[in-house]
Amino acid sequence: MLLNEFYKPKVTNSIETAATRYLQSKNAYDRDAFKNLMQAMSKMGWIYLDSGAFSKVFVHPKKKYVIKINSNTDNAYRRYVYIIHEFRSRHFPKISDLKKIEINGDEYYVYLIEKLQKITGPFILEL
């Protein structure tokens, strides 16, 4: 274990509140809910990075981790996080904290994930 692994950043109350407000007000076609989330995160210094079918990801230039906020329930990723925590490996990304948010019986999560570096170059895997 590395010394810097003893410090584990946590999801702050303000991030959890912004995510909860977003999840409570969103629906499949509500751009205002996402816009409000982006504004709230921006006030805390977070920059919208990207999204997929299930999550929105934010990055902070001074932090060594990203924030992933579920925008849809994502049971597959939740299981993946369980595997990461249950079976430690240096090859898995470090997820230092997660918060569960329940809205109308559905479970959503906010994750703090270590910021990974982009790898460039041609890579050939031989089997």
Over 60° means perpendicular and under 30° means parallel, so tell me whether His60 and Trp46 are parallel, tilted or perpendicular.
perpendicular
Any donor and acceptor pair, going by atom type alone, linking the side chain of [X] with main-chain N or O of [Y] inside 3.5 Å?
X     : Y     : result
Asp97 : Val11 : yes
Ser71 : Phe54 : yes
Asn72 : Ala53 : yes
His85 : Ile95 : yes
Ser96 : Pro9  : yes

Would you say that Arg78 contacts Asn70 through its side chain, given a criterion of any heavy-atom pair below 4.5 Å between the two side chains?
no
Are Lys68 and Tyr77 close enough that some pair of their side-chain heavy atoms sits under 4.5 Å apart?
yes
Is the gap between the ring centers of Tyr48 and Phe34 under 6.0 Å?
yes
Test: Lys56 cationic atom under 6.0 Å from Tyr22 six-membered ring centre, within 45° of axis:
no
Spacing of [X] atom [atom1] and [Y] atom [atom2] [to the nearest 0.5 Å]:
X     : Y      : atom1 : atom2 : value
Ser25 : Ile103 : OG    : CD1   : 9.5 Å
Ile47 : Ser42  : CD1   : OG    : 8.0 Å
Glu86 : Arg88  : CD    : CZ    : 9.0 Å
Ile84 : Arg79  : CD1   : CZ    : 14.5 Å
Gln39 : Asp32  : CD    : CG    : 9.5 Å

Under a single-linkage definition using a 4.5 Å side-chain heavy-atom cutoff for Ile, Leu, Val, Met, Phe, Trp and Tyr, are [X] and [Y] assigned to the same hydrophobic cluster?
X      : Y      : result
Val110 : Val66  : no
Tyr108 : Tyr80  : no
Ile15  : Ile101 : yes
Leu23  : Tyr109 : no
Phe87  : Ile113 : yes

Heavy atoms only: give me the nearest [X]-[Y] pair and the separation to one decimal.
X     : Y      : value
Gly45 : Pro61  : O-CD, 3.8 Å
Pro93 : Glu114 : CA-OE2, 3.3 Å
Ala18 : Leu37  : O-CD1, 3.8 Å

Got a sec: does the CG of Asn75 have more than 12 other heavy atoms crowding it under 6.0 Å?
yes
Take a 6.0 Å sphere around NZ of Lys35 and say whether it holds more than 12 heavy atoms from other residues, nucleotides or ligands.
no
Evaluate the side chain to side chain contact (heavy atoms under 4.5 Å, CB included) criterion for residues Leu112 and Ile67: first the C-alpha distance (whole Å), next the side-chain angles of each, then the deciding distance (0.1 Å), finally the verdict.
CA-CA 5 Å; Leu112 289 186; Ile67 294 177; 3.4 Å; yes
